[in-house]
Visitor: 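Following this message is one structure expressed as structure tokens.
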Amino acid sequence: MEILDYDELDLWWRTVPSSRRFTGAIMEAVDKHCATAAHLPKEDEAGFIQMLTEKIQRKYVSLIVETFDYNGKSDMEDFVDALTAKFAPNFLRDFTTDSPMEDLALQNSLFGYAIIIRLKNKVKWLVSAVTDFNKKNSVTGGALIFITTENNPPPSLTRLSDFLTPYDVQFFAINLLEGARLTPKQKLYTSTLAAKLSKQSSTMAKNLAKVELYTHGLEFVRTVAPKFDEKIYNRAVWECQTQFLLPALEQIRSQLIEKNFLHLKKILPKTDEFGKTLDNAWDMELRHLHYYGGGDKIFSYEEWEILELAYSARNEISHLKTLENSQLEKIFNLIDD
């Protein structure tokens, strides 16, 4: 999977509104010289750390920014031992407090540091570590930013998932598609599908926001994520097509009624198979237009082809099926931008 280049990282973490707010929430810990913990997709971890490091260095030229990988699974005491062995070798745990993190803060042992701690394993003491450090930390102390990518993070973490919406990821994806050989409608559709498939990962979105997602579908997705679940893919395509097709089909329905209003008015009233009485042409759905309009030969040959296409598409979507790109293109070409 291709990682984000610098411009793409900048776009994601500085321009996408929710990503920017997430970064800002983490920066508050640096501003206050305290601790915090962030959770985000694993594939975005390296890029986030890169941009966060740069942001801290620009804002606080006197702070030493370091990244610390912690692979342990043990308790908080062991973590503090490992941390201080590298950054505060003179730290002596005097056990005046119950928590080693409180002791670390009281001694101001990390003064001048902003340490980004990349947790490689899930640890039970993460929330307590942040809370304990902040209880005793002074405004001159160091800043600690824990980064976790494990599933099921504690609810009190600062989580990217609490900030992002699908529209943020779509905004990112459509910017990546700016120079792609796609029409504006195709770009909008493709960026929406990329956002649905990539969830909240900018790296996944970067790899999916390509012409091939539109032209080759699941075959292309599996070049990015070989084990991608076909059911998840099909559901995302159906949701995406529903989002785009239903307004388009409504516009086609309205156009057909407007052009043939007087002719349709003459064949009303009708009672449909569900007992609904149709007195007004504007109340006719595509199925009504197809059944009654077809029987009375209301529409021209060209209009009938459009109605057949729209009626078939509506039935497919209603039965949780998806359309081929050729059908989508025909429908998109019939509506206004």
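Keep in mind the model is a prediction, meaning the values are calculated, not measured. In this chain, numbering begins with 1 at the start of the sequence shown.
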Visitor: Tell me, please, which residues at least two apart from Y113 pass side chain to side chain donor-acceptor pair (under 3.5 Å).
Guide: none
Visitor: Can we say E285 and R287 salt-bridge, meaning some charged N sits less than 4.0 Å from an Asp/Glu carboxylate O?
Guide: yes
Visitor: Any Lys/Arg nitrogen of E303 or K259 sitting under 4.0 Å from an Asp/Glu carboxylate oxygen of the other?
Guide: no
Visitor: Is the side chain of W125 donor-acceptor paired with the backbone N or O of S74 at a distance under 3.5 Å, no angle test?
Guide: yes
Visitor: Indicate yes or no for a side-chain donor-acceptor contact from S191 to the backbone of A173 under 3.5 Å, with no hydrogens or angles considered.
Guide: no
Visitor: Counting only heavy atoms from other residues, nucleotides and ligands, does the tally under 6.0 Å from NZ of K120 exceed 12?
Guide: yes
Visitor: Quick test of your reading of the model: are E45 and K42 salt-bridged, counting only N-O distances below 4.0 Å?
Guide: no
Visitor: Using a strict 4.0 Å threshold on nitrogen-to-oxygen distance, state whether D272 and K276 make a salt bridge.
Guide: no
Visitor: Using a strict threshold of under 4.0 Å (side-chain N to carboxylate O), is an ion pair present between K59 and D31?
Guide: yes
Visitor: Answer yes or no: are there more than 12 heavy-atom neighbours, outside I3 itself, under 6.0 Å from its atom CD1?
Guide: no
Visitor: Quick check for you: to the nearest 0.5 Å, what is the distance between S161 atom OG and H39 atom NE2?
Guide: 7.0 Å
Visitor: Are the side chain of Y233 and the backbone N or O of L218 linked by a donor-acceptor pair below 3.5 Å?
Guide: yes
Visitor: Count the heavy atoms belonging to other residues, nucleotides or ligands that lie under 6.0 Å from CZ of R253, then report whether that count exceeds 12.
Guide: yes
Visitor: Does OH belonging to Y291 count more than 12 external heavy atoms closer than 6.0 Å?
Guide: no
Visitor: With distance as the sole criterion, is a donor-acceptor pair present between the side chains of T165 and D168 under 3.5 Å?
Guide: yes
Visitor: Is S312 reaching over with its side chain to a backbone N or O of E308, donor-acceptor style, under 3.5 angstrom?
Guide: no
Visitor: State yes or no: are the ring centers of F146 and F79 separated by less than 6.0 Å?
Guide: yes
Visitor: Mind telling me whether Y189 and Y214 have parallel, tilted or perpendicular rings, with 30° and 60° as the class edges?
Guide: perpendicular
